[in-house]
Amino acid sequence: MPAKSQAPTVVFDFDGTLWRGDSVGDFLRWRLLSNPLRTLPALLILPLLWRWLRGPIANRGRAASVLLWIATVGLNEQRFQRAISRFARRYTNDPSKWHQSSAAAVDQHLSDNDQVVIATAAFTPLARALLGLRWKQLPAVGSSVRRWAGGWIVGHHLHGAHKIPALVNDGHRPPFAQIYSDSRDDQALADNALVATGV
């Protein structure tokens, strides 16, 4: 795919860089705690998932899949999207959920006409809904989700070096002008950027 723009491409991580904390974890807690029929199975299985959650990052995607399925079983695509939108609206006027210095950096890059793109392990529909609270049409590549057995699970878990082919597939080719990330898992991005901030 050809590059989308000749403007410098600046890549931002999302969780921990723009969003304070873990957006998928926040969404899952909201869904699971809002319904006792979802809370109980999640609590029962959590000890079994703890090793995955504490282990290699690839295993975190599997644990997230299990919890996402419990949180979404019974939701078709339309209802799943509505749940994401309702969650996002909770933070429309909550600046405490955003790292203001990173958000200001996004604003500055957009003002400079740089091509800004978000690359995140959060699943794409959630990241886009949350980003849409502040920046309309800001492109984001993230983990995919798919329907399975009446609920939703993580399809491709986008993390670490996997972000680069996903960005290329979306038309954003390295070398990148700058990347912003709080995670050492994004070292591959940093290695393909002229400037790395926070890695």
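Along the sequence shown, residues are numbered consecutively beginning with 1. Note: hydrogens, waters and symmetry copies are ignored here, and every other heavy atom, side chains too, is used.
Side-chain atoms of Arg31 come within 3.5 Å of backbone N or O of Ala71 as a donor-acceptor pair. Using a distance-only test at 3.5 Å, with no hydrogens or angles considered, no donor-acceptor pair links the side chain of Thr124 to the main chain of Ser144. In terms of modelled atom types and a separation under 3.5 Å, the side chain of Asp112 and the main chain of Asp114 share no donor-acceptor contact. In terms of modelled atom types and a separation under 3.5 Å, the side chain of Asp170 and the main chain of His172 share no donor-acceptor contact. Using modelled atom types, no side-chain atom of Gln178 and backbone atom of Ala193 make a donor-acceptor pair closer than 3.5 Å. When atom types are taken as modelled, the side chain of Trp152 and the backbone of Leu75 share a donor-acceptor pair closer than 3.5 angstrom. Of the possible donor and acceptor atoms, none in the side chain of Thr120 sits under 3.5 Å from a partner among the backbone N and O of Gly142.
The structure places CG of Leu131 at 9.5 Å from CZ of Arg128, a figure rounded to the nearest 0.5 Å. The CG atom of Asn192 lies 13.0 Å from the NZ atom of Lys163; values are rounded to the nearest 0.5 Å. The line from CZ of Arg147 to OG1 of Thr72 is 8.0 Å long, rounded to the nearest 0.5 Å.
A donor and an acceptor atom, one from each side chain of His99 and Tyr180, are nowhere located under 3.5 Å apart.
Checked for salt-bridge contact, Asp26 and Arg29 meet the test: a charged N lies under 4.0 Å from a carboxylate O.
For the ring-ring contact (aromatic ring centres under 6.0 Å, His included) criterion with Tyr91, the lone passing option out of Trp19, Trp30, Trp98, Phe27 is Trp19.
The aromatic rings of His159 and His157 sit tilted, their planes meeting at an angle between 30° and 60°.
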